[in-house]
Amino acid sequence: KAEEAYKAKNYEEASKHFVAVTGLIDIPEIIKDAHYNAACCFALLGNKAEALKHLELSLKNGWDDFDHIGKDTDFDSIKEDPAFKALIAKYSAK
């Protein structure tokens with residue numbers, strides 16, 4: 001349902017499903033992807049705080065494709081934000 005909603009550009013609905021997945025499954029690979037996708041949805045909705053929160057949770061859970069983050073247009077609304085830059089710097093240095 002999350003991916004269907006995302007593809008339909010219903011980012012509010014998609015974000016709810018992605019967040020729900022993080023509480024239902026205890027598989028790190030799925031958790032990091034769900035948080036990442038939730039972050040994308042929140043960024044597209046203009047909710048910077050939730051986007052940064054879920055991006056950090058994704059990074060904490062092992063997301064490490066910083067090239068992808070840099071190219072991901074879903075984050076265009078927050079890429080220049082100092083908090084976004086600090087978050088990427090913090091985790092890419094590890």
Query raised in the report: Between Y11 and D74, is a side chain to side chain donor-acceptor pair (under 3.5 Å) present by the stated rule, with each step listed?
Result: CA-CA 11 Å; Y11 303 121; D74 289 352; 5.7 Å; no
**Report entry** Close side-chain approach of L44 to S77, heavy-atom, < 4.5 Å
**Finding:** no
Scan the side chains in residues 59-69 for donor-acceptor partners under 3.5 Å anywhere in the protein, sequence neighbours excluded, and list what turns up.
{"from": "N61", "atom 1": "ND2", "to": "L57", "atom 2": "O", "distance (Å)": "2.7"}
{"from": "W63", "atom 1": "NE1", "to": "D65", "atom 2": "O", "distance (Å)": "3.4"}
{"from": "D65", "atom 1": "OD1", "to": "H68", "atom 2": "N", "distance (Å)": "3.0"}

Requested in this report: Kindly write out the residues that satisfy side-chain contact (heavy atoms from CB on, under 4.5 Å) with E4, not counting sequence neighbours, or none if the list is empty.
Outcome: none
Report summary line: A51 and A43 have their tightest heavy-atom pair at CB-N, 3.6 Å
Query - Side chain proximity check, H17 to E3, heavy atoms < 4.5 angstrom - result: no
Query raised in the report: Thinking salt bridges, do E13 and K16 make one under a 4.0 Å N-O criterion?
Result: no
Please list, one pair per line, the donor and acceptor atoms closer than 3.5 Å that link side chains of residues 18-31 to other protein atoms, with sequence neighbours excluded.
{"from": "T22", "atom 1": "OG1", "to": "V19", "atom 2": "O", "distance (Å)": "2.6"}
{"from": "E29", "atom 1": "OE1", "to": "K32", "atom 2": "NZ", "distance (Å)": "3.3"}

Query raised in the report: Do the non-hydrogen side-chain atoms of L55 and I88 ever get within less than 4.5 Å of each other?
Result: yes
Query raised in the report: Quick one: side-chain contact (heavy atoms from CB on, under 4.5 Å) partners of L52, sequence neighbours excluded?
Result: K48, I78, A83, F84, L87
Query raised in the report: What distance do N47 atom CG and S15 atom OG have between them, rounded to the nearest 0.5 Å?
Result: 8.5 Å
**Report entry** Partner residues of H54 under the ring-ring contact (aromatic ring centres under 6.0 Å, His included) criterion, sequence neighbours left out
**Finding:** H35, F42
Query raised in the report: Can you name the ring-ring contact (aromatic ring centres under 6.0 Å, His included) partners of Y91, sequence neighbours left out?
Result: none
Query raised in the report: Looking only at heavy atoms, what is the nearest atom pair of D76 and D72, with distance?
Result: OD1-O, 4.0 Å
